[in-house]
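Notes follow the structure.
Here is how names work: the chains are called A, B, and so on, in the same order as the sequence lines, proteins then strands, and each is numbered from 1. The analysis underlying the following values was restricted to heavy atoms, covering all of them including side chains, and did not include hydrogens, waters or symmetry mates.
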Amino acid sequence: MLQVQVLRNNPELVKAKLAIKHFKQPELVDEIVALDDERKRIQTEYDTIQSKVNAASKEIGKLMGQGKKEEAELMKAEVASYKSQVTLLNEQMIASEAVLHDKLIVLPNLPADIVPIGKTPEENLNVKQSGTIPVLHEGALPHWDLIKKYDLVDFETGAKITGSGFPLYKGKGAKFQRVLAQYFLDFNTAAGYTEYLPPFMVNKDSAYGTGQLPDKDGQMYHATEDDFYLIPTAEVPVTNIFRDVILKEEELPVKMTAYSPCFRREAGSFGKEVRGLNRVHQFEKVEIIQLVEPEKSYEVLDQMVAHVEALLQSLELPYRILRLCGGDMSFTSALTYDFEVFSAAQERWLEVSSVSNFEGFQTNRMKCRYKDSTNKTKPVHSLNGSSLALPRIYASLIENNQYDGGIKLPKVLQSYFGSENLI
RNA sequence: GGAGAGGUGGAUGAGUGGCUGAAAUCAACGGUUUGCUAAACCGUCGUACGAGUAACAUUGUACCAAGGGUUCGAAUCCCUUCCUCUCCGCCA
């Protein structure tokens with residue numbers, strides 16, 4: 001959620017930035033400022049009258065104490081005359097706050113200055129490409145055939161148990177998944193991230209806190225009886241640890257990593273793009289999250305990008321890094337880098353990580369702040385990234401490392417898995 | 001799921017209708033003292049939204065789990081929800 005102050009200070013700049021995100025209702029900016037003026041006006045009025053009521057009430061208390069009953073009764077009558085006004089103003093205040101909030105929450109985060117202009121994924125800026133694209137042997141298979149051939153993942157039975165997009169990992173296929181998660185977590189904790197294992201369902205407040213609601217309502221699985229949402233990413237529970245928290249300066253930066261399954265309805269997805277492990281309703285992911293001082297957030301974003309890059313390098317995968325254009329960025333992000341690895345058998349790039357700086361967008365809504373050395377309360381910035389999403393890494397590792405009689409493992413995973421080859 | 005007891009500021013904890021935005025203690029911070037540390041002493045020490053200011057100062061309102069209600073007045077009384085603890089039930 002943006003701060004009204006930002007809109008107030010420079011409405012034209014805000015509108016220009018919203019346009020980069022292809023936001024369709026620039027008029028909301030002026031509306032919100034006007035609503036905020038109105039809100040202030042009502043509050044001032046309310047406070048004034050309420051102040052009179054409070055003073056009179058105290059006076060009544062004193063008079064009662066002194067036994068001056070009649071005078072007290074007179075004052076009671078006076079206070080009663082304010083009552084309808086107070087009630088009315090209070091209702092107006094609550095209503096105007098609600099309207100303001102509802103409008104404000106519709107505005108996406110403002111993009112950073114270096115965000116490329118553009119609408120579609122093709123307009124993302126390729127900032128780096130590295131690693132060698134392997135040349136596969138004759139008859140190399142895409143991962144959806146490899147997993148069948150070696151009996152690693154059983155989609156049909158997963159569909160029988162639950163529905164399509166709920167893979168059933170099996171044998172070495174299941175172990176490989178576990179090993180990847182463990183390796184990623186170890187890699188992250190070695191870089192100073194504290195490991196968390198969060199709840200996999202969250203309440204409404206948490207879903208709002210990180211911006212999934214109201215923007216992505218319908219993308220999350222919703223357990224209606226208890227009004228809980230299955231998490232679409234560990235970002236939601238983990239970032240919400242710090243909802244309504246005022247941190248001390250020395251506690252920053254907060255660096256967290258968490259493994260979790262992720263549940264996404266992915267309504268509307270179909271076709272070749274979503275074959276096999278490319279897009280599923282339940283997948284596993286290891287996430288990294290940081291809370292930092294605002295002045296440092298872009299420096300930290302670069303560090304996080306470098307961290308994910310090092311992880312991909314250790315897996316010996318060919319990758320590229322994209323700076324997302326305004327149209328391809330998420331609602332909450334100010335700047336996002338996507339990592340894609342090349343899947344040699346599918347001959348296409350697969351997104352495996354997304355690293356973003358949310359600036360104060362999430363933390364403002366969550367009321368997470370910190371106290372600096374002079375004891376002033378200041379905003380914090382939040383960032384997160386996948387490190388890494390498992391299924392597509394899984395897919396590209398088995399595709400890129402396949403040979404005629406099996407599947408090799410990259411060096412870093414061999415000791416984790418206990419052998420040189422997966423198959 | 002049943003029965004009971006609770007939820008107060010960073011922590012402990014007082015507070016059953018007005019003198020309580022909240023005692024006291026501890027922690028934290030600033031200072032005095034001190035060769036250093038410690039101790040002692042003095043002071044500061046919640047948040048949000050307003051008014052005000054160049055900025056401070058100052059000042060109003062709201063907040064004692066959350067939401068509603070009673071009252072001139074609510075941390076305190078009533079209702080609902082959530083959470084914690086104890087016992088029972090169920091159960092990995």
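- Using cut-offs of 30° and 60° on the angle between ring planes, the pair A:Tyr183 and A:Tyr416 is perpendicular.
- Between B:rU61, B:rC72, B:rA48, one nucleotide has an atom nearer to the side chain of A:Val53 than all others, and that is B:rC72.
- OP1 or OP2 of B:rU61 has at least one side-chain nitrogen or oxygen of A:Asn54 nearer than 4.0 Å.
- As judged by a 4.0 angstrom heavy-atom cut-off over every strand, A:Tyr82 is placed among residues making no nucleic acid contact.
- Base pairing of B:rG30: its partner is B:rC42, meeting the Watson-Crick or G-U wobble criterion (both donor-acceptor distances under 3.5 Å).
- Residue A:Asp36 has its side chain nearest to B:rG50 when only B:rA62, B:rG50, B:rC19 are considered.
- Distances shorter than 4.0 Å separate none of the side-chain N or O atoms of A:Arg39 from OP1 or OP2 on B:rC49.
- Pair check for B:rC83 finds B:rG6; Watson-Crick or G-U wobble, both atom distances under 3.5 Å.
- At the phosphate of B:rU47, OP1 or OP2 sits under 4.0 Å from a side-chain N or O atom of A:Lys371.
- A straight line from CE of A:Met64 to P of B:rG18 spans 12 Å, rounded to a whole angstrom.
- Under the 4.5 Å side-chain criterion, counting only non-hydrogen atoms from C-beta, A:Leu322 is in contact with A:Glu340.
- Residues A:Phe184 and A:Leu315 meet the side-chain proximity criterion, which asks for heavy atoms closer than 4.5 Å.
- When distances run from any side-chain atom of A:Thr44 to the nucleotides B:rU61, B:rG50, B:rC72, the shortest one goes to B:rG50.
- Atoms CD (A:Gln50) and P (B:rA48) sit 21 Å apart, rounded to a whole Å.
- The number of heavy atoms from other shown groups lying within 6.0 Å of CD (A:Glu70) does not exceed 12.
- At the heavy-atom level, A:Gln43 lies under 4.0 Å from base atoms of the strands shown.
- Computed from coordinates, the A:Ile42 CD1 to B:rU61 C1' distance equals 15 Å when rounded to whole Å.
- For the ring pair (Phe, Tyr, Trp, His ring centres under 6.0 Å) with A:Tyr394, the qualifying choice from A:Phe176, A:Trp144, A:Phe283 is A:Phe176, the only one to do so.
- As a whole-Å value, the separation of A:Glu249 CD from B:rA28 P is 18 Å.
- In this structure, A:Lys52 reaches neither bases nor backbone, as no heavy-atom distance under 4.0 Å exists between it and the strands shown.
- Using atom C1' as the reference point in both B:rC63 and B:rU76, the two lie 16 Å apart (nearest Å).
- Proximity of A:Thr377 to the phosphate of B:rU47: a side-chain N or O atom is located under 4.0 Å from OP1 or OP2.
- Across all strands shown, A:Arg369 has heavy atoms under 4.0 Å from sugar-phosphate atoms exclusively, and none from any base.
- One finds a side-chain N or O of A:Ser51 lying less than 4.0 angstrom from the OP1 or OP2 phosphate oxygen of B:rU61.
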